[in-house]
Amino acid sequence: MADSRTVTILDMARSQVLESGHGLTQDQVLDVLALPDDELDPLLELAHEVRMRWCGPEVEVEGIISLKTGGCPEDCHFCAQSGLFDSPVRSAWLDIPMLVEAAKQTAKTGATEFCIVAAVRGPNARLMAQVAAGIAAIRDEVDINIACSLGMLTPAQVDELAAMGVHRYNHNLETARSYFPQVVTTHTWEERWETLRLVRDAGMEVCCGGIVGMGETPAQRAEFAAQLAELGPDEVPLNFFNPRPGTPFGDLETLPVADALRIVAAFRLALPRTILRFAGGREITLGDLGARQGLLGGVNAVIVGNYLTTLGRPAEADIDLLGELHMPIKALNATL
Amino acid sequence: MDTFCDQCGSLVELGDHARCALRRGLEPPRFCAHCARRMVVQVTPTGWTARCSRHGERCG
Ligand code: SF4
């Protein structure tokens, strides 16, 4: 049975977010996250209406590739690519022909975004040179928007990437500011924020999200949504925690499906105009049915195919699902 | 017949590999099934390659 508080928060969200386009506040997000399971369907329906009203029916499709895998000096406790843990992931560098081939494979799925990722604290000269060469080679052969995720940047590196034509830069805050010290000790949340500020100032689109289900409280999830809303990123990739063998968080459980879906909807209600992307871990946390519910519950972007070190659903399965849901794939150079 | 589990690197005949089996659908192999060396794995949007310095490359 819905109680009066339940009705109130959904009614408030309807008028404030759906009708006026103002995202929910931190306290309101926390109320949404506390909704009982029998209010999940109306919550997802509202989040879908908000997405359709403020973003439209199109879905942005992206592929990602790891240019430099493993051996990272940082200690993000969820990450199999940290060189500080006993993870089975070994260091690897991708060569330029394979990078171009990956961009081609991505474009073939209908994706308009291709994100080049490196497991580093921040790029050194060798990595920046490899990225520049890779972007030039991709541009010669593939028509696709190129994004990068190379860790923390200096102002000069931000300018270099902008000059290379990188249209969007990903740098995740990962979790709420108050929980970050439990997740990472080798750098601070504020250092990450500073890179995002530099990226925004340079005119690149900002992509910033995180991982939910790493042991943070619902209050910290609401805090994180509010912090993202303050940042105002163009895109928020939402990853669902997937325990990685050998990492400090390797024995944590994944989120229950209902909690994960409540988070999806709550983030949409906090960020009505943002590109909200399904990213890593959705297969293991949500399964096929949950992925469909998420796409009908506020999500308007997906990573298709494999991730950086783990495998995803085949790209065709997601493309077919979008067709079934009558959600057109965003065309190249269109703006959501 | 593999000697070592490609997910955890221990002997296939020893211990419980139920979690490894569950993981395998969404994970590339990490350890060489012949010698248990950690492999160099590259995941791409549509596939993966896993290279053992002794036993060569597998892909999927
Ligand atoms: S900085 Fe990135 S690659 Fe390095 S440990 Fe943290 S999440 Fe992993």
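Sequence lines set the chain letters: A, B, ... in the order given, protein chains first and strands last, and positions in each chain run from 1.
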key: Selection from A/Leu99, A/Thr309, A/Ile64 maximising heavy-atom pairs under 4.5 Å formed with chain B   = A/Thr309

query = Side chain, backbone, both or neither: which part of A/Thr109 has a non-hydrogen atom closer than 4.5 Å to chain B?
reply = neither

Side chain, backbone, both or neither of A/Leu308 within contact of chain B (heavy atoms, under 4.5 Å) = backbone

query = Parallel, tilted or perpendicular for A/Phe85 and A/His77, by the 30°/60° rule?
reply = perpendicular

query = Is the backbone of A/Arg313 close enough, under 3.5 Å, to the side chain of A/Glu283 for a donor and an acceptor to pair up by distance?
reply = yes

task = Side chain from CB out, backbone as N, CA, C, O: work out which of these in B/Arg23 comes under 4.5 Å of a heavy atom of chain A, or both, or neither.
result = side chain

remark   = residues 37-50 of chain B vs chain A, non-hydrogen distance cutoff under 4.5 Å, contacting residues -> B/Arg38, B/Met39, B/Val40, B/Val41, B/Gln42, B/Val43, B/Thr44, B/Pro45, B/Thr46, B/Gly47, B/Trp48

remark   = dist B/Arg30:CZ -> B/Asp6:CG (nearest 0.5 Å) comes out at 10.0 Å

Which atoms of A/Ala102 approach chain B - backbone, side chain, both or neither, heavy atom under 4.5 Å = both

remark   = Pair count under 4.5 Å, heavy atoms only, with chain B: among A/Glu101, A/Gln105, A/Lys108, highest is A/Gln105

inquiry  = Could you check whether any side-chain heavy atom of A/Leu286 comes within less than 4.5 Å of a side-chain heavy atom of A/Phe278, counting everything from C-beta outward?
reply    = yes

message = Is A/Pro245 in contact with chain B via its backbone, its side chain, both, or neither, using a 4.5 Å heavy-atom distance?
response = side chain

remark   = Distance col, row A/Arg282:CZ vs A/Asp288:CG, nearest 0.5 angstrom, shows 9.5 Å

task = With rounding to the nearest 0.5 Å, note down the distance linking CG in A/Asp318 to CD1 in A/Ile303.
result = 10.5 Å

ask   = So, do B/His17 and B/Ser10 sit near enough that their side-chain heavy atoms are less than 4.5 Å apart?
value = yes

inquiry  = Quick check for you: to the nearest 0.5 Å, what is the distance between A/Ile96 atom CD1 and A/Leu67 atom CG?
reply    = 7.0 Å

key: Atom pair CG (B/Leu14) and SG (B/Cys5), whose distance is rounded to the nearest 0.5 Å   = 11.5 Å

